[in-house]
Q: 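Below you'll find the structure I mean.
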Amino acid sequence: MTEPGARTAADRLLAVLAAFDHAHPALTLTDVSRRAGLTLPTAHRLVGMLTAWGALERDESGVYRVGLRLLELAALAPRGLALREAAMPFLEDLFEATHENVQLAVRDVAEVVYVERLAGRSAVGVRTQVGARWPLHATGVGLVLLAHSPAGFQDGYLAGPLESFTGHTVTDPRRLRRMLAEVRQCGCAVSERQITDDALSVAAPVRGPHGDVVASVSVVVHAVGARPNALIPAVRVAGAGISRALGWQPPTGASA
């Protein structure tokens with residue numbers, strides 16, 4: 001295998017880490033070499049360095065996994081564990097009020113990344129988990145985050161290919177623009193059967209200290225028999241509570 005000459009040492013180290021994802025949480029050295037596009041000797045050297053530092057861990061069978069050192073670093077991310085800690089009391093309140101799936105997500109370029117999820121025993125099955133990524137247009141939290149993204153970013157996103165997951169997934173740019181305007185106007189998003197045919201999501205924004213939308217909180221319920229209007233107030237209260245915990249102060253006279 002020939003490695004591209006333009007790849008720097010940092011590129012190769014990042015390629016090793018990027019070889020691990022939700023579908024591939026445990027890899028052999030050969031797997032790392034193949035997925036990172038590196039020769040076996042190079043992969044062996046880099047994996048050794050990362051293991052010695054604590055970014056990777058090796059079990060008795062020789063399989064590698066992400067190490068605790070990366071978790072320590074992730075705890076410093078303002079949109080990671082710090083956000084989750086501030087949000088958890090409000091997520092738990094929302095869960096106790098609904099006993100449904102409760103989710104917290106942030107935007108990473110053109111995708112939603114879920115940073116926390118609480119699931120009820122009888123709640124509808126969802127395809128999300130902590131760390132999972134989904135397109136912005138197909139989820140409730142994604143619609144909120146897209147609606148509050150810069151106008152130029154929205155234009156570029158809506159001009160690109162929009163993936164469909166069910167017969168209900170909205171992929172028409174003009175319809176999506178109307179939906180995003182409604183999200184900004186009412187302060188919430190309702191996404192029905194867009195990822196799976198049996199789920200409905202209600203989402204609200206989470207604001208940072210300066211009022212910018214930094215995350216989104218949602219509750220996901222069975223689509224059949226769902227009453228979105230009954231869920232919206234609770235989700236909006238959760239979003240406002242997390243926002244205050246992050247330092248946001250609503251304008252005088254504004255409702256939560």
Side-chain angles (χ1 to χ4, degrees), residues 1-89 91-92 101-119 126-136 139 141-142 145 149 153 163 206 208-209 212 214-217 242 245-247:
M1 182 185 302
T2 301
E3 298 171 22
R7 297 180 78 178
T8 66
D11 290 333
R12 293 192 288 270
L13 276 172
L14 293 175
V16 170
L17 293 176
F20 296 85
D21 57 25
H22 279 279
H24 305 87
L27 299 172
T28 65
L29 181 60
T30 300
D31 293 333
V32 173
S33 171
R34 175 176 51 80
R35 288 180 53 78
L38 301 170
T39 62
L40 195 57
T42 299
H44 180 268
R45 177 173 58 84
L46 296 178
V47 165
M49 293 171 57
L50 290 168
T51 302
W53 187 75
L56 298 179
E57 296 178 355
R58 183 178 184 270
D59 65 19
E60 295 179 356
S61 67
V63 172
Y64 292 89
R65 292 177 172 82
V66 172
L68 289 177
R69 190 70 178 272
L70 291 183
L71 179 61
E72 294 175 12
L73 288 178
L76 303 176
R79 295 195 303 163
L81 294 181
L83 171 62
R84 292 166 67 185
E85 290 178 1
M88 186 55 73
L91 300 180
E92 291 175 341
N101 297 296
V102 173
Q103 303 177 143
L104 180 70
V106 298
R107 178 171 74 89
D108 185 20
V109 191
E111 296 177 308
V112 163
V113 179
Y114 290 87
V115 296
E116 188 55 89
R117 182 171 78 89
L118 304 178
V126 295
R127 296 172 60 186
T128 57
Q129 56 183 315
V130 174
R133 294 171 175 266
W134 287 92
L136 291 167
T139 66
V141 287
L145 294 168
S149 298
F153 173 81
E163 187 174 359
V206 172
D212 52 321
V214 297
S216 180
V217 59
I242 301 170
L246 294 176

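Worth knowing before you read on, the calculation uses all heavy atoms, side chains too, and leaves out hydrogens, waters and symmetry mates. Along the sequence shown, residues carry numbers from 1.
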Q: Tell me, please, which residues at least two apart from Tyr114 pass side-chain hydrogen bond (donor to acceptor under 3.5 Å, both in side chains).
A: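 Partners of Tyr114 under the side-chain hydrogen bond (donor to acceptor under 3.5 Å, both in side chains) test: none.
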Q: Thr30: which residues meet the side-chain hydrogen bond (donor to acceptor under 3.5 Å, both in side chains) condition with it, sequence neighbours left out?
A: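 Result, side-chain hydrogen bond (donor to acceptor under 3.5 Å, both in side chains) vs Thr30: none returned.
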Q: Locate the shortest heavy-atom distance separating Phe153 from Ser149; write the atom from each residue and the value.
A: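 That would be CD2-CB, 3.6 Å.
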Q: Among residues at least two apart in sequence or on other chains, which ones pass side chain to side chain contact (heavy atoms under 4.5 Å, CB included) with Arg133?
A: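 Counting only residues at least two positions away or on another chain, Arg133 forms a side chain to side chain contact (heavy atoms under 4.5 Å, CB included) with Asp108, Glu111, Val113.
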Q: For Gly142 and Val112, work out which heavy atoms get closest and say how close.
A: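 Nearest pair, atom of Gly142 first, then Val112: CA-CG2, 3.3 Å.
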Q: Distance check, rounded to the nearest 0.5 Å: Met88 atom CE versus Ile242 atom CD1?
A: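 That separation rounds to 9.5 Å.
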Q: My understanding is that only residues two or more places apart in sequence, or in another chain, count here; which of them pass salt bridge (charged side-chain N to carboxylate O under 4.0 Å, His left out) with Glu92?
A: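 For Glu92, no residue satisfies salt bridge (charged side-chain N to carboxylate O under 4.0 Å, His left out) once neighbours in sequence are set aside.
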Q: With a 3.5 Å cut-off and sequence neighbours excluded, list the donor-acceptor pairs that the side chains of residues 43-57 form with protein atoms.
A:
residue: Thr51; atom: OG1; partner: Val47; partner atom: O; Å: 2.7
residue: Glu57; atom: OE2; partner: Leu68; partner atom: N; Å: 3.3

Q: How far does CG of Asp31 sit from NE2 of His24, to the nearest 0.5 angstrom?
A: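 One finds 8.0 Å between CG of Asp31 and NE2 of His24.
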Q: Using side-chain hydrogen bond (donor to acceptor under 3.5 Å, both in side chains) as the criterion, list what pairs up with Arg65, not counting sequence neighbours.
A: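 Scan of Arg65 (side-chain hydrogen bond (donor to acceptor under 3.5 Å, both in side chains), adjacent residues dropped) gives Asp59.
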Q: Sequence neighbours left out, what passes salt bridge (charged side-chain N to carboxylate O under 4.0 Å, His left out) with Asp212? Give chain and number order.
A: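 Testing Asp212 for salt bridge (charged side-chain N to carboxylate O under 4.0 Å, His left out), a comparison that skips the adjacent residues, returns none.
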Q: Whether the side chain of Arg84 engages the backbone of Val115 through a donor-acceptor N/O pair (distance < 3.5 Å, no angle test) should be reported.
A: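 A pair under 3.5 Å: yes.
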Q: Which heavy atom in Ala36 sits nearest to a heavy atom in Ala19, and how many Å separate them?
A: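 Reported closest heavy-atom pair: N-CB, 4.5 Å.
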Q: Going by side chain to side chain contact (heavy atoms under 4.5 Å, CB included), name the residues that satisfy it together with Ala215, two or more places apart in sequence or in a different chain.
A: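 For Ala215, the residues satisfying side chain to side chain contact (heavy atoms under 4.5 Å, CB included) (neighbours in sequence not counted) are Leu83, Leu104, Val106, Val206.
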Q: Would you name the heavy atoms of Val32 and Phe20 that are closest together and state the gap between them?
A: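 That would be CG2-CZ, 4.1 Å.
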Q: State, to 0.1 Å, how close Leu136 and Ala110 come at their nearest heavy-atom pair, and which atoms those are.
A: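 Closest approach of Leu136 to Ala110: CG-O, 3.6 Å.
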